[in-house]
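Heads up, the thing below is written out as structure tokens.
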2 protein chains.
Amino acid sequence: MVPAIERLPKRQRHQQLSKLIEENPFMTDRELTRLLKVSIQTIRLDRLELGIPELRERLKLMAERSYDSVRSLPLHEVIGDIVDLQLDKSGISMFEIAHEHVFSRTGIARGHHVFAQANSLAVAVIDDEIALTATADIRFIRSVKLGEKCIAKAYVRSISGEKSKAKVEVFTYVGEEMVFQGNFVIYRSAGDYVSEGGIERADRY
Amino acid sequence: MVPAIERLPKRQRHQQLSKLIEENPFMTDRELTRLLKVSIQTIRLDRLELGIPELRERLKLMAERSYDSVRSLPLHEVIGDIVDLQLDKSGISMFEIAHEHVFSRTGIARGHHVFAQANSLAVAVIDDEIALTATADIRFIRSVKLGEKCIAKAYVRSISGEKSKAKVEVFTYVGEEMVFQGNFVIYRSAGDYVSEGGIERADRY
DNA sequence: TACTAGTTTAGTACCAGGTTATAATAGCAG
DNA sequence: CTGCTATTATAACCTGGTACTAAACTAGTA
């Protein structure tokens, strides 16, 4: 049944094929024949067996992926995932340090990403039409590394109702350990309702 | 020369065409004929005039863009373009505020992007293996808006050789106007290299 | 030895989504 | 009428495939 001896070449080729296409999805079958030294039909049978779509389908998939991620990129609106939010009181967000956030040499997160999480949260926690960071006084307590999950907790310390400023304190933890601390002064749009929980905002989606 | 009267339809159609393709780059010429009520040849002439490539080329371009941005993501290494750099002395970087950096509602830049530029520059200007932000004291002087070019200038104020800290002051301008100011304390490596475990990988091509 | 099966190669027809070139037609301006 | 633009039509050709049929080259086995 299973010849079992000269069966390897095919499997090997399949592996190579998968790897080549993963490394460079822009390759045509014809280019692959040159690299694998088999006929174009073999390449096509292999793709069939492996369920690898043709070049054009691959490119279309990639295009669709990137197109979707461009569309749904209010990713920049808030850095990190908001876990809990009590407007004008406190908030919690989570942010996992990925490759693109670290110095490639050391795996240590660039400070501005940690700051961005805290800043986003400090702004988000202020319940106002417009909230902008005025000043910040921050401390990076220890470096954060690739893969670590940063939990930022923001507390609104004071709202100077007339003066249209709010003080927000943010602490960021990895596990039990505090890694960042910042005091933010946030400008808020003056002249409107100071919320005590009774404000509905319809323009917020 | 320019008939000027029934000349509009074409221009209008060109506009519509561009818009349709921009909105949905996945449309074939045949689908476009149905929307614009002209022959497929007209669509193709239009694309030719407008320099819009065929569907497959569009998808390929999109795929390449997303592929590149995944591969070459030291895009995050420095925020903004370094224009001038004198290590341990000063540096200048430029950063243009784009759509993805602003609050969509107001067109005002999120603070952490402005901070990121300054922070990146403050770190870059320190001539050392490893440089990390320790603390920062920052002030957002006025809000920065979509399309504005931020010029950040960093000055190294002191290097405490033994103590492995440096003070860097950064000023960010839009035109003549200062929009941000920050005092950074940067940790620097006290002269050691961080070994990454010494793994050589031969399985790489 | 011949039979059988898995693997590889070859060849043909066909398809989508075009490009390129060439020609025919409509509509109006001078 | 001539000349010009815009539009449409027609046909040949291209790339990078799919789908299908058929042949040829392994081997192992009865």
Side-chain angles (χ1 to χ4, degrees), chain A residues 1-68 70-71, chain B residues 1-68 70-71:
Chain A
M1 279 180 168
V2 184
I5 261 199
E6 270 302 1
R7 200 54 172 294
L8 293 174
K10 190 178 181 181
R11 306 230 156 158
Q12 275 183 328
R13 196 183 57 233
H14 278 191
Q15 282 218 326
Q16 283 183 40
L17 185 72
S18 305
K19 195 175 158 190
L20 282 169
I21 291 182
E22 193 173 353
E23 276 174 11
N24 180 5
F26 297 86
M27 270 200 284
T28 63
D29 289 355
R30 204 165 300 278
E31 289 171 319
L32 289 164
T33 62
R34 288 207 297 275
L35 296 176
L36 296 180
K37 313 279 191 192
V38 289
S39 75
I40 201 163
Q41 287 79 2
T42 302
I43 298 288
R44 286 169 179 171
L45 283 174
D46 286 354
R47 275 200 300 98
L48 203 71
E49 283 186 70
L50 294 169
I52 299 174
E54 62 166 296
L55 170 64
R56 287 157 175 169
E57 282 306 308
R58 295 198 298 270
L59 298 191
K60 192 177 173 190
L61 279 173
M62 293 174 70
E64 277 168 352
R65 259 199 293 115
S66 81
Y67 192 65
D68 290 348
V70 164
R71 300 232 117 179
Chain B
M1 280 182 168
V2 184
I5 263 200
E6 271 301 359
R7 200 54 171 293
L8 293 174
K10 191 178 180 181
R11 307 231 157 161
Q12 274 181 327
R13 196 184 55 235
H14 277 192
Q15 283 219 325
Q16 284 181 41
L17 185 72
S18 304
K19 195 176 157 191
L20 282 169
I21 291 182
E22 192 171 355
E23 277 174 9
N24 181 7
F26 298 84
M27 269 202 282
T28 63
D29 289 355
R30 204 164 301 279
E31 289 171 319
L32 289 164
T33 62
R34 288 206 298 276
L35 297 176
L36 296 180
K37 314 277 191 192
V38 289
S39 76
I40 202 163
Q41 288 79 1
T42 303
I43 298 289
R44 287 171 178 171
L45 283 173
D46 286 354
R47 275 200 298 100
L48 203 71
E49 282 186 70
L50 294 169
I52 299 173
E54 62 167 290
L55 170 64
R56 287 159 175 171
E57 283 305 309
R58 295 198 298 270
L59 298 191
K60 191 177 173 189
L61 278 172
M62 292 173 70
E64 276 169 351
R65 259 198 294 114
S66 79
Y67 193 64
D68 289 350
V70 167
R71 298 232 116 181

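In the text below, chain A, chain B and the rest are named by the order of the sequence lines, each starting its count at 1.
- Within 6.0 Å of CD on B:Glu49 lie more than 12 heavy atoms contributed by other residues, nucleotides or ligands.
- Side-chain atoms of A:Arg58 come within 3.5 Å of backbone atoms of A:Met27 as a donor-acceptor pair (strictly under, hydrogens ignored).
- Atom NZ of B:Lys60 and atom P of C:dG17 are 18 Å apart (whole Å).
- When the side chain to side chain donor-acceptor pair (under 3.5 Å) test is applied to A:Gln16, no partner is found at least two apart in sequence or on another chain.
- Between the CZ atom of B:Arg11 and the P atom of D:dT7 there is a distance of 12 Å, rounded to whole Å.
- The distance from atom CG of B:Asp29 to atom C1' of C:dG18 is 7 Å, rounded to the nearest whole Å.
- Heavy atoms of other residues, nucleotides or ligands lying less than 6.0 angstrom from CD of A:Glu31 number more than 12.
- Which of D:dT7, D:dT18, C:dG18 sits closest to the side chain of B:Arg13 comes down to D:dT7.
- Between B:Arg47 and B:Glu57, no side-chain nitrogen of the basic residue sits less than 4.0 Å from a carboxylate oxygen of the acidic one, so the salt-bridge criterion is not met.
- Atom-to-atom, CD of A:Glu57 to P of D:dT18 comes out at 9 Å; the value is rounded to the nearest Å.
- Scanning residues 34-51 of chain A for heavy-atom distances under 4.0 Å to DNA chain D yields A:Arg44, A:Arg47.
- Residue order along DNA chain D, read from the 5' end via each residue's closest nucleotide, puts B:His14 first among B:His14 and B:Arg56.
- B:Glu23 contributes no side-chain N or O that, together with a main-chain N or O of B:Leu20, makes up a donor-acceptor pair within less than 3.5 Å.
- We find that CD of B:Glu54 is positioned 13 Å from C1' of C:dT20, with the value rounded to whole Å.
- Between A:Arg58 atom CZ and D:dT15 atom P there is a gap of 18 Å when expressed in whole angstrom units.
- Rounded to a whole Å, the CG atom of B:Leu17 is 15 Å from the P atom of D:dA6.
- Taking the side chain of B:Leu55 as heavy atoms from C-beta on, and the options D:dA6, D:dG17, C:dG17, the nearest nucleotide is C:dG17.
- Inter-residue side-chain proximity for B:Asp29 and B:Leu55 is flagged as unmet; no heavy-atom pair is nearer than 4.5 Å.
- For the pair A:Met27 CE and D:dG16 P, the interatomic distance rounds to 13 Å; values are reported in whole Å.
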